[in-house]
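What follows is a set of notes on a single structure, which appears directly below.
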Amino acid sequence: MAANPDTLNQPMINFTLDGEEVSAFADETILQTAKRHNKEIPHLCYKEGLRADGNCRACVVEIEGERTLAPSCCRMPTAGMKVQASSERAIRSQKMVLELLKSDIPDQGESPYKIDSELDQWVKKLQVGAPRFTSRAQPAADLSHPAIAVNMDACIQCTRCLRACREEQMNDVIGFANRGAHAEIVFDIADPMAASSCVACGECVQVCPTGALMPANNVGLEVVDKTVNSTCPYCGVGCLIKYHVKDDQILYTEGRDGDTNKFRLCVKGRYGFNYIHNPLRLTKPLIRREGVAKTTELLDPNDLDTIFREASWDEALDFAAGGLIKIRDEKGKKALAGLGSAKGSNEEAYLFQKLVRTGFGSNNVDHCTRLCHASSVVALLECLGSGAVSNPVEDVKLADVVIIIGSNPTVNHPVGATFMKNATKTGTKIILIDPNRTAIAKYASHVLQFRPDTDVALLNGIMHVILDEGLQNDAYIKKYTEDFEYMKQHLKDYSPEKVAPICGIDAETLREIARLYATSKNSMILWGMGISQHIHGTDNSRCLIAMALMTGQIGRPGTGLHPLRGQNNVQGASDVGLIPMVYPDYEPVEDPVNQAKYEKLWNVKLDPKRGLTTVEMIHAILDNEIYGMFVEGENPAMSDPNQNHVREAFSKLEHLVVQDIFLTETAGFADVILPASAFYEKTGTFSNTDRRVQMGRQAVNPPGDAKQDLWILQEVANRLGCGWTYQGPEDVFEEMRLAMGSIAGMTWDRLENEDSLTYPLENVGDPGEPIIFTDGFPTESGKGRFVPASYIHADEMPDDEYPLIFITGRQLEHWHTGSMTRHSPTLDAIEPDPVVMVHPEDLHKLGIQPGDIITIQSRRGKISAYARADIGIQKGSLFMAFCYNEASANLITNEALDPSAKIPEFKFCAVKASAGGEISVRIN
Ligand SMILES: Nc1nc2c(c(=O)[nH]1)N[C@H]1C(S)=C(S)[C@@H](COP(=O)(O)OP(=O)(O)OC[C@H]3O[C@@H](n4cnc5c(=O)[nH]c(N)nc54)[C@H](O)[C@@H]3O)O[C@H]1N2
Ligand SMILES: Nc1nc2c(c(=O)[nH]1)N[C@H]1C(S)=C(S)[C@@H](COP(=O)(O)OP(=O)(O)OC[C@H]3O[C@@H](n4cnc5c(=O)[nH]c(N)nc54)[C@H](O)[C@@H]3O)O[C@H]1N2
Ligand SMILES: [Mo]
């Protein structure tokens with residue numbers, strides 16, 4: 001039992017439990033102390049992690065000198081107290097409670113929904129017999145939800161689910177309605193679960209002690225073969241998860257006590273694993289049939305057999321490598337490029353960039369970070385000398401003020417968002433700055449629903465106030481920063497009165513935000529794609545960094561800068577060098593010292609010039625510079641902007657190798673497809689948004705002839721002459737430690753034992769550093785640099801012909817291009833069709849009813865999807881996720897790039913919209 005570290009220094013409390021001396025921490029209850037001393041007291045409504053409620057009375061104990069029995073889950077011991085948990089009187093009461101609770105279970109027997117439920121375990125342990133009481137009402141089952149089965153006939157009203165939903169995840173769906181014998185647990189206003197506002201995080205299911213709430217399809221009745229401790233394959237929060245496996249299939253999951261998740265999970269981590277068991281998984285290597293031309297159309301899987309044929313691994317690998325070698329040797333090393341994956345492990349990403357650098361012979365290697373936080377990283381490197389986050393997400397609880405800007409955490413970092421919501425209960429103020437009023441707004445003290453694309457103006461306005469009112473931290477500025485005077489001059493031009501009409505937020509509010517942020521003891525900034533995905537994304541980030549520097553809100557617990565990382569391993573893939581301008585640990589490729597280091601380590605001559613970035617590669621194909629590509633674990637034919645352009649490029653490639661788990665839109669353009677392993681089918685390390693390197697462990701085997709990614713990469717590399725002999729991920733990790741100072745002290749054994757270690761961890765045995773920049777910055781001067789940014793607008797502004805703003809982003813249940821989540825029957829059932837979020841007034845103006853079809857057109861493309869009314873959406877704009885191939889948002893988006901980071905402007909382009917249209921056919 002983890003005691004609150006704050007109380008560890010306080011004196012222990014000694015008392016007697018069943019005649020034995022025990023000592024309690026200052027914040028421990030009798031029940032917790034008993035548990036820590038391996039003494040069992042039955043309990044049902046109490047669960048570690050939830051507020052003790054004391055409603056079930058199964059944990060009653062006898063305390064000397066007290067007339068009534070006391071619930072040990074809510075009772076703190078005092079020095080010298082004499083407690084009896086197993087006296088005859090205590091046990092008689094405990095048994096009576098269990099008997100009463102059991103009388104409410106169907107047929108008054110064992111739980112029909114969960115083998116060995118917690119209630120059944122206590123009933124057995126205390127040898128409680130058949131109940132002598134009649135059951136209460138036995139409500140009908142509610143099987144409306146694809147992920148969660150509700151069988152309230154097994155509910156004992158312990159309210160664990162309610163506390164998990166309202167107090168932990170703070171989703172506020174579950175309630176306790178009516179009174180006395182009519183009391184019942186309800187969803188919203190007693191809605192069927194599927195119709196309620198439930199986001200299916202499953203926290204209620206995880207805590208239910210009887211099986212009244214269970215994962216759908218009766219998985220609770222199966223006896224599993226094994227459990228595997230691993231992490232989640234979805235977002236950068238990196239929740240630790242236990243997988244329950246039977247017959248080589250994952251049946252269900254459980255949140256573990258990770259530092260980032262404290263047992264919590266979201267709908268994808270908890271229920272979204274089943275994409276791996278989808279029959280559409282690639283199980284055989286495929287080679288394009290000779291003479292089948294490539295078109296710009298997406299492949300219809302019905303035509304699969306006419307376009308591709310199955311091949312043996314040897315043939316496919318020879319063919320894959322042969323095509324690459326031919327182009328390399330005939331057209332030159334720079335005629336090849338590779339896109340690696342932020343969904344794979346650190347070891348895979350490291351090998352992929354090494355393969356391109358040493359096997360292809362150039363630095364033409366990139367990955368989705370380019371489309372993601374590239375601009376944040378450029379600004380962070382430029383201003384602070386490091387692209388990493390300064391503080392972990394969990395620090396929000398120590399912050400007085402948290403600015404959330406351009407990030408929608410309840411949707412995209414849902415478990416992280418629960419800790420943000422929790423923090424507001426103890427006084428943390430959230431300031432939300434977003435053109436849309438997203439779900440976290442409910443918990444914010446200030447919501448700035450400002451004009452999209454105007455962050456630089458707004459942030460400069462706030463900084464102007466900070467300086468105007470003398471709220472800056474002069475001592476910090478002097479000691480730890482440079483170029484402040486330059487910044488000061490620049491900001492003179494951005495008075496709040498001047499920026500108010502640009503960003504649509506009045507001057508007084510900007511002043512208030514400036515004061516709150518600058519003068520609070522600890523302020524933290526969290527940001528996302530709303531900041532980074534603009535042609536001025538680097539400028540947006542420069543402003544956030546400058547705000548932290550001028551106020552000294554960095555370098556301490558509860559402060560700092562946290563660009564929330566997206567993919568489960570985008571932090572790691574970047575760290576290990578899956579980037580065209582840097583080697584592992586962000587060492588620039590154009591510095592001869594770094595080049596010499598890697599030439600020695602890898603024993604090969606390296607290209608001294610930086611390579612092309614993701615979007616540049618697409619242009620280079622069309623410009624006849626790139627002829628061959630290797631795409632591993634990315635789906636650019638859906639995720640890159642201006643798809644018509646991208647698909648034209650892919651159809652033009654002479655040789656495309658795709659290594660994926662599904663026949664993705666990109667794989668349709670391939671010459672050879674290598675069927676790979678999904679997350680749960682391999683072991684490796686993954687680095688989360690907090691810089692925690694975490695162990696992902698194999699739970700099941702790849703299907704059919706699919707092979708592990710590491711093996712495939714090595715086979716391709718060796719055919720290109722690399723001569724690798726890695727026996728597994730551990731060997732690769734050892735080489736990474738030689739290359740990367742940041743993890744030099746991190747041993748595989750320790751990762752195996754501790755599951756999660758934070759870097760920098762330079763020497764073996766170091767604890768790791770969750771908070772960095774505590775004493776300056778890793779720049780040449782050791783100081784943080786102010787880099788002024790001037791307000792400019794998006795590349796393509798609305799006009800008479802295209803009057804609306806199109807903003808793209810994400811939805812809770814889907815992951816990017818949908819290749820994982822749309823193949824999960826559970827997630828697909830929750831959100832099956834393409835939807836566009838529109839403000840109801842705009843819908844009305846367009847003459848569209850919610851649920852009707854809307855057609856959206858930009859200068860680049862046209863799509864139709866279902867319109868969904870959403871009052872959180874800013875009028876004059878539309879919001880859409882890019883996961884639907886029948887209505888691909890990226891047919892519409894603009895590929896204009898930020899000049900420093902080369903990130904495209906996914907968050908803003910001009911469109912027109914109209915009622916009606918026809919949704920294309922969904923493929924795959
Ligand atoms: N469910 C789910 N979760 C995911 C992902 C997923 O695909 N699905 N992807 C993961 C990845 S890789 C990433 S990068 C993260 C992304 O996570 P987020 O950054 O939270 O994602 P987005 O939805 O793209 O955009 C965030 C917010 O930016 C706002 N925004 C738009 N334009 C502007 C603007 O001009 N200024 C400001 N300040 N805000 C603006 C949008 O309204 C939106 O609320 O999510 C990760 N988590
Ligand atoms: N319009 C618009 N476009 C965007 C964005 C936006 O906000 N708006 N956001 C951008 C951002 S932030 C990002 S990060 C990118 C993401 O863009 P992508 O990385 O292209 O998108 P994913 O769908 O995550 O692609 C991951 C691929 O890896 C495969 N995969 C999954 N697990 C494994 C594995 O273990 N091994 C192998 N070999 N393959 C695997 C999946 O099947 C899938 O094809 O999209 C960008 N595109
Ligand atoms: Mo991302």
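Heavy atoms only: backbone and side chains are in, while hydrogens, waters and symmetry mates are out. Both ligands and their constituent atoms are indexed starting at 1 by order of listing.
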For this session: Could you see which bit of Phe908 sits under 4.0 Å from ligand 1, with heavy atoms only: side chain, backbone, both or neither?
Result: neither
Exercise. When you look for heavy atoms under 4.0 Å from ligand 1, do you find them on the side chain of Arg565, its backbone, both, or neither?
Worked result: neither
For ligand 1, which atoms have a heavy atom of [X] less than 4.0 angstrom away?
{"X": "Asn408", "result": "20 (O), 26 (C), 44 (O)"}
{"X": "Thr438", "result": "44 (O)"}
{"X": "Ile433", "result": "38 (N)"}
{"X": "Gly528", "result": "19 (O)"}
{"X": "Leu812", "result": "1 (N)"}
{"X": "Ile807", "result": "31 (C)"}
{"X": "Asp453", "result": "34 (C), 35 (O)"}
{"X": "Ile405", "result": "38 (N)"}

Do [X] and [Y] meet the criterion of a side-chain donor-acceptor pair at a distance under 3.5 Å?
{"X": "Ser687", "Y": "Asn346", "answer": "yes"}
{"X": "Gln811", "Y": "Tyr884", "answer": "yes"}
{"X": "His446", "Y": "Thr509", "answer": "no"}
{"X": "Glu796", "Y": "Asn894", "answer": "no"}
{"X": "Thr821", "Y": "Glu813", "answer": "no"}
{"X": "Thr260", "Y": "Asn688", "answer": "no"}
{"X": "Arg370", "Y": "Thr613", "answer": "no"}
{"X": "Gln708", "Y": "Gln698", "answer": "yes"}
{"X": "Asn890", "Y": "Thr893", "answer": "yes"}

Heavy-atom nearest neighbour in the protein, as seen from [atom], with distance rounded to 0.1 Å:
{"atom": "atom 14 (S) of ligand 1", "answer": "Cys372 SG, 3.1 Å"}
{"atom": "atom 38 (N) of ligand 1", "answer": "Asp455 OD2, 2.7 Å"}
{"atom": "atom 6 (C) of ligand 2", "answer": "Phe882 CE2, 3.4 Å"}
{"atom": "atom 1 (N) of ligand 2", "answer": "Asn890 OD1, 2.6 Å"}
{"atom": "atom 42 (O) of ligand 1", "answer": "Asp434 OD1, 2.6 Å"}
{"atom": "atom 25 (O) of ligand 2", "answer": "Asn635 N, 3.8 Å"}
{"atom": "atom 32 (N) of ligand 1", "answer": "Pro435 CG, 3.7 Å"}
{"atom": "atom 8 (N) of ligand 2", "answer": "Thr808 OG1, 2.9 Å"}
{"atom": "atom 43 (C) of ligand 2", "answer": "Ser819 OG, 3.0 Å"}
{"atom": "atom 13 (C) of ligand 1", "answer": "Gly566 CA, 3.2 Å"}
{"atom": "atom 10 (C) of ligand 1", "answer": "Trp815 CH2, 3.3 Å"}
{"atom": "atom 26 (C) of ligand 1", "answer": "Gly406 O, 3.3 Å"}
{"atom": "atom 28 (O) of ligand 1", "answer": "Gly530 CA, 3.3 Å"}

With [atom] as the reference point, say which of [options] has the nearest heavy atom.
{"atom": "atom 29 (C) of ligand 2", "options": "Asp660, Asp709, Thr821, Ile276", "answer": "Asp660"}
{"atom": "atom 2 (C) of ligand 2", "options": "Phe906, Phe352, Phe806, Tyr680", "answer": "Phe906"}
{"atom": "atom 7 (O) of ligand 2", "options": "Met529, His816, Gln533", "answer": "Gln533"}
{"atom": "atom 36 (N) of ligand 2", "options": "Gly633, Ser639, Ala676, Ser677", "answer": "Ser677"}
{"atom": "atom 19 (O) of ligand 2", "options": "Lys343, Arg281, Gln567, Glu905", "answer": "Gln567"}

Proximal ligand 2 atoms for [X], defined as those under 4.0 Å from one of its heavy atoms:
{"X": "Phe679", "value": "35 (O)"}
{"X": "Leu371", "value": "10 (C), 11 (C), 12 (S), 46 (C)"}
{"X": "Lys682", "value": "34 (C), 35 (O), 36 (N)"}
{"X": "Thr817", "value": "21 (O), 22 (P), 23 (O)"}
{"X": "Lys907", "value": "7 (O)"}
{"X": "Gln659", "value": "38 (N)"}

Seminar exercise, completed: When Trp815, Tyr275, Phe662 are each screened for ring-ring contact (aromatic ring centres under 6.0 Å, His included) with His823, the one that passes is Phe662
Exercise. Do any N/O atoms on His814 end up under 3.5 angstrom from N/O atoms on ligand 1?
Worked result: yes
Exercise. Under 3.5 Å, N or O to N or O, is Asn412 touching ligand 1 that way?
Worked result: yes
Exercise. Do the ring centers of Phe273 and Tyr243 come within less than 6.0 Å of each other?
Worked result: no
Exercise. So is Ala678 in contact with ligand 2, going by heavy-atom distances below 4.0 Å?
Worked result: yes
For this session: Check if Glu681 has a non-hydrogen atom at a distance under 4.0 Å from any atom of ligand 2.
Result: no
Exercise. Does Tyr234 come within less than 4.0 Å of ligand 1, judged by its heavy atoms?
Worked result: no
Exercise. Is there side-chain contact between Pro409 and Leu526, with at least one heavy-atom pair below 4.5 Å?
Worked result: no
For this session: Show your working on side-chain hydrogen bond (donor to acceptor under 3.5 Å, both in side chains) between Asp660 and Ser819 and close with a plain yes or no.
Result: CA-CA 10 Å; Asp660 207 296; Ser819 80; 5.0 Å; no
Is the closest basic N to carboxylate O distance between [X] and [Y] below 4.0 Å?
{"X": "Asp828", "Y": "Arg922", "value": "yes"}
{"X": "Lys875", "Y": "Asp842", "value": "no"}
{"X": "Glu347", "Y": "Lys682", "value": "no"}
{"X": "Arg868", "Y": "Asp870", "value": "no"}

Seminar exercise, completed: For Gly861 and Ile892, the nearest pair of non-hydrogen atoms, with its separation, is O-CD1, 3.3 Å
Exercise. Do any nitrogen or oxygen atoms of Thr893 come within less than 3.5 Å of a nitrogen or oxygen of ligand 2?
Worked result: no
Exercise. Using heavy atoms and a threshold below 4.0 Å, how should the contact between Arg810 and ligand 2 be classified: side chain, backbone, both, or neither?
Worked result: side chain
For this session: With heavy atoms only and a cut-off of under 4.0 Å, state how Thr664 meets ligand 2: side chain, backbone, both or neither.
Result: side chain
